[in-house]
Amino acid sequence: MIRIKYAFASVLFLFVALGFAQEKVTKEKEPGHYNQSKFKQLYEEFSTPNTYRSASGAPGPDYYQQQADYVMDILLDDKNAKISGQETITYTNNSPDDLEYLWLQLDQNIRTKDSKAALKNGGNVKESEDTADFVQKYITESFDGGFNIDYIKDASGKTLPYTINFTMMRVDLPTPLKSGEKYSFDIKWNYNIPDHTVNRARSGYEYFKEDGNRAYVIAQFFPRMAVYSDVEGWQNHQFWGNGEFALPFGNYEVNITVPADHILDGTGVLQNRKEVYSKEMMSRYEQAKKSYDKPVIIVTQAEAEAAEKGFSNKTKTWKLKAENVRDFGFATSRKFIWDMQAVKLGGKDIMAVSMYPKEGNPLWEEYSTKAVAHTLKSYSSHTFDYPYPKAISVHAKNQGMEYPMICWNYGRPNEDGSYSDRTKYGMISVIIHEVGHNFFPMIVNSDERQWGWMDEGLDTFMQYMAEQEFGEAYPAAIAPNDKYPSRRGDPTKIVPYMSGDQSTISPIMSNPENVFQLGANAYGKPATALNILRETVMGREVFDHAFKTYSRRWMFKHPTPEDFFRTMEDASAVDLDWYWRGWFYTTDYVDMGVKNIKKFQVAKKPVTGDLMSKVFLVSSDSESYDPALDGVNPSETSKTLKEFMMDNMTEAERAAVKEPKYFYEVTYNSPGGLPMPLIVEYTYADGSVKNVTYPPEIWRKNSKEVSMVLSSTSELTGINIDPKMETADIDTTNNSWPKKEQESEFDKMKEEIKGK
């Protein structure tokens with residue numbers, strides 16, 4: 001006789017199998033019932049793959065990008081806070097198109113006296129206003145900081161016609177620039193440098209009235225080529241202030257003339273170190289190149305304090321050269337203290353550098369370069385080895401801005417040198433974030449003007465991981481038994497935003513100029529989405545491989561959101577269209593709860609007649625339910641089950657069977673509409689706890705609710721959804737059964753008063 005016990009067993013226990021999901025079928029379709037749109041593929045939202053960008057998310061065989069090389073001579077007039085320059089741009093047309101004109105960015109034009117940027121937002125009269133804001137709005141004359149173009153000439157010296165439209169300038173070519181050709185032209189320009197502490201300018205100076213000095217952090221300071229690509233031709237969207245920059249890669253040779261007593265550093269490798277360094281600085285620099293565990297001071301605080309007392313009438317020219325960068329920035333002041341440390345990455349030595357005035361100490365000397373070095377190590381481990389020769393952190397009041405190899409960062413102690421943990425962690429975090437921008441978008445060169453989240457969100461996600469690793473690298477910086485207090489990235493931190501007023505929330509896939517809360521939209525939410533994707537949906541190993549694949553595929557190239565989305569799926573074998581759709585294309589939020597729970601038992605006799613070979617389950621709200629059978633083995637009440645076991649199982653097999661004595665149907669709902677894995681903790685009367693993570697696909701046929709059948713040998717006593725708060729669930733009041741009593745705000749206040 002052929003024994004078919006396993007096949008029959010699977011039939012007989014069909015209704016009691018652990019984790020079986022019931023899909024309720026109704027004749028009339030309710031709104032949202034069997035709603036498959038949340039798991040619909042993104043074909044309609046995505047561009048059709050082509051020879052420039054493949055369906056896998058990788059660059060296609062015909063992918064191209066333009067190149068813009070610059071040779072510049074820059075003069076900084078410290079007395080008048082003015083900068084001027086002459087630049088030669090050599091533009092290489094690698095596209096298949098002939099170009100009749102070239103577009104350049106004039107970002108400083110956002111600060112012309114008649115700039116429309118100041119008029120782009122409406123506003124109401126405020127009952128009270130900060131005095132400085134009031135003076136700036138109604139009393140102070142507008143600052144005139146736009147570009148003054150002296151001339152634009154071709155290589156032969158002939159004047160080229162040009163048209164300026166706000167922050168964009170079109171240069172008309174005498175003949176179209178054909179595919180594969182190069183074109184060189186010269187621009188001479190100047191502008192007044194703004195005080196960057198006013199209106200949070202991204203570039204400018206801070207004036208120190210105590211000693212009459214300025215500290216300059218200079219960027220967007222020269223007419224820069226716009227991007228021309230296969231995605232939209234010229235990226236010549238105006239610069240309104242929030243959407244940052246889209247730039248082609250190129251090589252830079254920059255000579256910067258500043259007062260002779262200034263200390264300067266910037267993008268690229270210093271070419272004339274011995275001309276601009278003192279002998280002491282050279283000696284200290286050589287030490288720093290071999291110091292891997294702590295920074296070496298190149299310019300001491302005492303030397304900086306001595307320098308800030310004098311104002312040299314002489315000048316010094318610093319010569320920098322950078323290869324394959326998308327931009328250039330520099331910082332200069334006689335107030336700067338300077339330190340450096342070597343970092344070993346991929347067999348190469350990278351210099352971690354900090355520049356700061358005495359006003360930054362002791363905080364900056366203690367933590368800045370450590371944070372730079374840690375960032376390079378952490379980000380490299382998750383993406384690719386940092387390819388540039390250095391990374392510089394510059395102290396600048398209220399600043400947080402990034403450029404290739406250099407960035408400005410805030411974090412200033414009190415005048416007596418004391419500082420709070422908030423100031424310390426804020427400084428370390430902004431340094432990690434801004435140095436991290438070297439990876440996104442300085443190397444993985446996304447279009448910031450259009451997709452702010454592609455650099456800010458990815459970088460904030462990487463920042464979160466680096467922050468959590470910082471305590472391991474520098475345990476003395478973190479209080480014992482504490483985690484680094486990351487501001488963004490943890491799922492709980494995005495709940496207030498996602499649960500907020502929907503009229504002021506935009507999808508992540510929005511232009512930075514068109515959102516109400518840029519920080520939450522472009523930084524916090526995408527960072528949280530990627531963190532949840534790594535920790536809860538994909539798992540670290542699968543996610544990390546896919547993320548590295550994206551990072552390495554698009555090093556020194558121009559990716560789009562679709563290239564990112566497609567690569568993450570291509571390298572992981574995880575269908576994530578539902579995730580991208582929910583988190584990036586909608587404003588849905590996560591809210592999952594326990595809607596209902598029913599208890600069942602195996603009936604003593606058939607409910608609907610003598611149907612042999614069937615096992616019947618009856619609900620606790622049925623007349624047939626017998627409380628006396630709670631905790632009784634099913635085979636003791638079901639004749640068919642007992643006979644089946646006797647006929648198809650050996651005595652040893654029967655002895656080993658643990659018959660489930662309790663059966664439950666649990667209905668979960670999702671009022672928030674954003675599908676996510678359903679993470680459930682079940683507790684039982686015998687003290688056991690079982691954690692089950694149901695895949696997000698449970699919501700694929702009914703996005704509103706789903707039922708699961710549980711069987712157990714012990715009575716179910718509790719259910720808790722998302723016990724570790726991994727999914728950014730905005731409402732935890734419906735996450736438990738039995739429902740937990742929520743402490744009122746009044747009770748909380750009483751407890752706080754009692755504790756004081």
Side-chain angles (χ1 to χ4, degrees), residues 38-39 453 456-465 467-468 483-502 504-510 515-540 543 547 565 568 574 576-595 668-681 691-699 703-706 719-736 740 742:
K38 297 183 186 301
F39 285 83
W453 71 267
E456 298 298 357
L458 268 63
D459 184 35
T460 304
F461 162 67
M462 295 287 293
Q463 173 192 344
Y464 174 78
M465 291 194 292
E467 287 172 346
Q468 297 307 304
K483 288 177 63 178
Y484 190 101
S486 294
R487 180 183 168 202
R488 294 177 172 131
D490 185 276
T492 59
K493 300 294 177 67
I494 200 63
V495 166
Y497 173 67
M498 294 184 71
S499 61
D501 182 356
Q502 285 286 313
T504 61
I505 297 177
S506 304
I508 291 174
M509 291 290 288
S510 300
V515 299
F516 288 88
Q517 302 174 64
L518 184 63
N521 179 275
Y523 296 68
K525 187 178 176 183
T528 304
L530 293 175
N531 189 28
I532 294 174
L533 195 60
R534 181 177 189 251
E535 300 291 344
T536 304
V537 177
M538 298 175 73
R540 291 187 179 184
F543 177 94
F547 195 78
F565 297 149
M568 290 298 291
V574 181
L576 294 169
D577 282 24
W578 63 274
Y579 198 81
W580 309 134
R581 183 185 299 282
W583 278 91
F584 288 79
Y585 285 86
T586 77
T587 59
D588 288 348
Y589 48 86
V590 181
D591 181 15
M592 297 179 289
V594 182
K595 181 180 180 182
Y668 299 100
N669 63 354
S670 179
L674 186 56
M676 287 291 286
L678 180 63
I679 305 169
V680 185
E681 179 183 81
N691 291 283
V692 180
T693 299
Y694 301 102
E697 283 76 12
I698 63 170
W699 307 106
S703 62
K704 300 297 183 183
E705 65 179 56
V706 62
I719 299 174
N720 189 15
I721 295 176
D722 195 12
K724 296 179 181 178
M725 295 186 288
E726 299 175 59
T727 64
D729 193 318
I730 70 160
D731 180 11
T732 58
T733 63
N734 59 354
N735 283 23
S736 301
K740 293 180 180 177
Q742 299 293 315

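Minimum interatomic distance between N521 and S506 (heavy atoms only, all atoms of both residues): ND2-O, 2.8 Å. Here the closest non-hydrogen pair linking A520 and P526 is O-CD, 4.1 Å. Considering every non-hydrogen atom in both Y484 and Q468, the closest pair reads O-NE2, 3.2 Å. Pairing each heavy atom of P507 with each of T587, the nearest pair is N-CG2, 3.6 Å.
E705 places none of its side-chain heavy atoms less than 4.5 Å from the side chain of S670. Considering only heavy atoms from C-beta on, L678 stays 4.5 Å or farther from T693 through its side chain. Between I532 and E726 the shortest side-chain heavy-atom distance does not fall below 4.5 Å. Side-chain contact between M498 and W583: present, with at least one pair of heavy atoms (C-beta onward) separated by less than 4.5 Å. A 4.5 Å side-chain heavy-atom check between I719 and Y668 finds at least one atom pair inside the cut-off. Side-chain contact between L458 and M462: absent, with no pair of heavy atoms (C-beta onward) separated by less than 4.5 Å. Considering only heavy atoms from C-beta on, F461 stays 4.5 Å or farther from R488 through its side chain. When side chains are defined from C-beta on, W578 counts as touching P675, because their heavy atoms get closer than 4.5 Å.
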- Tell me, with the steps shown, if L674 and Y589 meet side chain to side chain contact (heavy atoms under 4.5 Å, CB included). CA-CA 5 Å; L674 186 56; Y589 48 86; 5.6 Å; no
- How far apart are the C-alpha atoms of W580 and L533, what are their side-chain angles, what is the distance that settles it, and do they pass the side chain to side chain contact (heavy atoms under 4.5 Å, CB included) test? CA-CA 10 Å; W580 309 134; L533 195 60; 3.6 Å; yes
- Could you go through the side chain to side chain contact (heavy atoms under 4.5 Å, CB included) check for N531 and Y464 one step at a time? CA-CA 9 Å; N531 189 28; Y464 174 78; 3.5 Å; yes
- Query: Is there a side chain to side chain contact (heavy atoms under 4.5 Å, CB included) between Y523 and T528 once you walk through the steps?
  - Reply: CA-CA 9 Å; Y523 296 68; T528 304; over 6 Å; no
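Note: W699 CH2 to Y694 OH = 11.0 Å, rounded to the nearest 0.5 Å. Taking CG of D490 as the start and CE of M725 as the end, the distance is 7.5 Å to the nearest 0.5 Å. A distance of 11.0 Å separates NZ of K525 from CD of Q517, quoted to the nearest 0.5 Å. Between the OG atom of S510 and the CH2 atom of W453 there is a distance of 11.5 Å, given to the nearest 0.5 Å. Atoms CG and OG1, on D722 and T732 in that order, are 9.5 Å from each other to the nearest 0.5 Å. With rounding to the nearest 0.5 Å, the separation of CD in Q463 from CZ in R487 is 9.0 Å.
Within the 3.5 Å criterion, the main-chain N or O of P671 finds no donor-acceptor partner in the side chain of N669. With hydrogens and angles ignored, the 3.5 Å screen pairs a side-chain donor or acceptor of K493 with a backbone N or O of S486.
Aromatic ring centres of Y579 and F584: separated by at least 6.0 Å.
If you run side chain to side chain donor-acceptor pair (under 3.5 Å) between D588 and each of R581, K38, Q502, only K38 comes through.
Residues T727 and D729 have side chains that never bring a donor and an acceptor to within less than 3.5 angstrom of each other.
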